[in-house]
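Worksheet for the structure shown next.
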Number of protein chains: 2
Amino acid sequence: MINKKKRPTLQDVADIVGVTKMTVSRYLRDPSQVSADMQKSIAVALEELGYIPNRAPDLLSHAKSHAIGILVPSLTNQVFSEVIRGIESITEAAGYQTMLAHYGYSLEVEEQRISHLLSYHVDGLILSESHHSVRTLKMIETAGIPVIEMMDVTSAAIQQAVGFDNIAASYCMVSQMIQRGYQHIVYLGARMDVRTQLKQQGYEKAMREHHLTPISVMTEEPSSFTLGAELLQQTLAQHQQTDGIFCTNDDLAIGAVFECQRQGIAIPDKMAIAGFHGHDVGQSMVPKLASVITPREEIGRVSAQQLIGRLKGQPIDNKIIDLGFKIQLGESI
Amino acid sequence: MINKKKRPTLQDVADIVGVTKMTVSRYLRDPSQVSADMQKSIAVALEELGYIPNRAPDLLSHAKSHAIGILVPSLTNQVFSEVIRGIESITEAAGYQTMLAHYGYSLEVEEQRISHLLSYHVDGLILSESHHSVRTLKMIETAGIPVIEMMDVTSAAIQQAVGFDNIAASYCMVSQMIQRGYQHIVYLGARMDVRTQLKQQGYEKAMREHHLTPISVMTEEPSSFTLGAELLQQTLAQHQQTDGIFCTNDDLAIGAVFECQRQGIAIPDKMAIAGFHGHDVGQSMVPKLASVITPREEIGRVSAQQLIGRLKGQPIDNKIIDLGFKIQLGESI
DNA sequence: TCTTAGTACGTTACCTGTAACATAACAAAA
DNA sequence: TTTTGTTATGTTACAGGTAACGTACTAAGA
């Protein structure tokens, strides 16, 4: 089953054709560099042997890898699938390979993943977090490659940040809810990462400015629809007056909507519910979910554009790039 | 901003400590191989320089990379996030790195991604498809590494397949719907990949066995909740009698449920709706979605276990591993 | 005192593709 | 004819960590 003889090298291909490996190497990098006859002979030999390119010598000789590393906290979180789509729409066109890794919201795992990506000599890195371990920062420094941090623009960037203002976004949405007359709005949060906390800050700011008491119901568990339902139950048990829910993401919000439907709580008459990011589910459901619409794919695109620009030698024109957000009120407020 | 001096090598570290790079190399592979004093000196120097490991020489010398490649068609599709979680729960514990790539359901992109992964000398590959390009098959052959194909077990495997029977699963679910008295069941499919077609086969088999006419409403567009709503509209316009919908996945099914809610069509009295995979959204929504529950995380776990077992020299005990499925009727049938 | 064993470290060779340079053959221009 | 340019290919050196082997030194045993 498994082929014991080692994989063919350029020399093997060259031997078949009867030239030196240099000629084959040239063909692989740009076929027009060898004569037309030679092109045919080499193509045949490559096909025959099933030659697989070998990146190792490139890496040894400090060549550009034409690969960039992407780090996201989670693949389950739909947000990052869309960010990745944005990134790859640009890298693909520019001829860059992407190396994708995820770290489950853990700084130590992030550090390990970054070490792994750097050991393969990626030309640049796109991170999703604005907070990193000391060793991570040190490695990024010695790697000497361009790095972009996505998602949030409220913290200081290592080199460059692309995203939106999580605090302002939450503040805006909660303010809108208050203006619509809701008084007892509770914040639901899961998996306490940096952005969950930033959103909480925006929420509390809006509540305090209107002399309302902020109440947060949080858990360390990873976010899910089911969890949204559970957190709503918990909230209603502890805070009977609750007439509004602002969630750290759409999953929790939708789970809360479902729970209201089960309990016969009218939305938005008896309960307002708002989510974050504006995913397809929420926008297609009944009632249409209120949500902060964030430019996820654009964040990916702009990040990739900036990184590739810098790889081509352009200077950093804008250290912090804020792509904004929109408030979608839907039918759940 | 960007560090122009090249990244430190083992030699640089060795120079600081005043030993040869071999000593540092030994320390990195197993600190106990050098004296206690030396351990301290080397640790300090490594930290000071921010040394980043370099995989290139390993790759050159045919060493095991301790990395395995994972190929999934899509990251947007929740199914594969869960499969990946299953894989990594095993690889993590076994000390293997994973290199993740996706190919948007395109055979050519898959080929390119596999070439890229193989060029980094991954020790094994986990694929999600049972159908590949000729060059893909050739490369896998010459790479001489263990390969596992996930998800479906109805086609012939290159080496080994782990999954369930898509045709049987669809057949079961549709048969149940028919038994419950639904007669005019339509199949909704998006993004025509292999599995969409297998499910259609199962659907048609069940319909024909009960002397009912199979009707499929399909599109090349990628699946989404909104698309589910659109396809339902289209179905109702073309086939007024429709009293049941069987969808290739939960997203479409949920979109269809939402559309029924908007149009005031009672579920399950006037319309039965069933999805595929049993995701959290569907299970937490009102009404609870009927769905084929598939062992997604288990598929990942078993695939990784088999692969790592083979990397350790174990023979293939079972070429086809069928992990089965369950029918969840929920409240939408 | 002389082995012997063990420890700690050094030396050498190797893995494979490519940049940089060299060369050969021929064509075109002077 | 000579020079110059062009094209197609060959030659050499190099990248960095590690296996395999070699060596120097120390300590214990005879």
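Chain letters run A, B, ... following the sequence lines, proteins first, then strands; residues in each count from 1.
- Each of B/S35 and B/L60 was assigned the nucleotide of DNA chain C with the nearest heavy atom; the assignment lying further toward the 5' end belongs to B/S35.
- Heavy-atom neighbours of B/Q33 CD from other residues, nucleotides or ligands within 6.0 Å: above the threshold of 12.
- Where B/R26 and B/I52 meet DNA chain D, the nucleotide closest to each residue was compared, and B/I52 sits on the side nearer the 5' end.
- Nucleotides of DNA chain C nearest to A/R55 and B/V19 differ in position, and the one nearer the 5' end is that of B/V19.
- Rounded to whole Å, the distance from CG on B/N54 to P on D/dG17 is 5 Å.
- In terms of phosphate contacts, B/S25 brings no side-chain nitrogen or oxygen within less than 4.0 Å of OP1 or OP2 of D/dG17.
- Rounded to whole Å, atom P of D/dG17 lies 13 Å from atom CD1 of B/I42.
- Base contact: A/T20 has a heavy atom under 4.0 Å from a base atom.
- Note: A/H62 and A/H121 have tilted aromatic rings, judged against thresholds of 30 and 60 degrees for the angle between ring planes.
- When the P atom of C/dT18 is taken as reference, atom NE2 of A/H66 falls 12 Å away, rounded to whole Å.
- A/L127 has its side chain within reach of A/I140: a pair of non-hydrogen atoms, C-beta onward, lies under 4.5 Å apart.
- The side chain of B/T9 places no N or O atom within less than 4.0 Å of a non-bridging phosphate oxygen (OP1 or OP2) of D/dA15.
- In this structure, of C/dG17, D/dG17, C/dC9, it is D/dG17 that holds the atom nearest to the side chain of B/D58.
- B/V24 comes within contact range of no nucleotide atom at all, as no heavy-atom separation falls under 4.0 Å.
- If you measure from atom CG of A/L59 to atom P of D/dG16, you get 11 Å, rounded to the nearest angstrom.
- Looking only at side-chain heavy atoms (C-beta outward), B/T142 and A/L49 stay at 4.5 Å or farther from each other.
- If you take CG of B/L28 and C1' of D/dA19, they are 16 Å apart, rounded to a whole angstrom.
- Distance B/D30 CG to C/dA8 P: 12 Å, rounded to the nearest Å.
- Rounded to a whole Å, the CE atom of A/M22 is 15 Å from the P atom of C/dA22.
- Using a 4.0 Å cut-off, no side-chain N or O of A/H62 falls inside it from OP1 or OP2 of D/dC14.
- A close approach under 4.0 Å does not occur between any side-chain nitrogen or oxygen of A/Y51 and OP1 or OP2 of C/dT16.
- At C/dA19, one or more side-chain N or O atoms of A/R29 fall inside 4.0 Å of OP1 or OP2 (strictly under the cut-off).
- Atom CG of B/D37 and atom P of C/dT7 are 17 Å apart (whole Å).
- A salt bridge does not link B/D193 to B/R191: none of the charged nitrogens lies less than 4.0 Å from a carboxylate oxygen.
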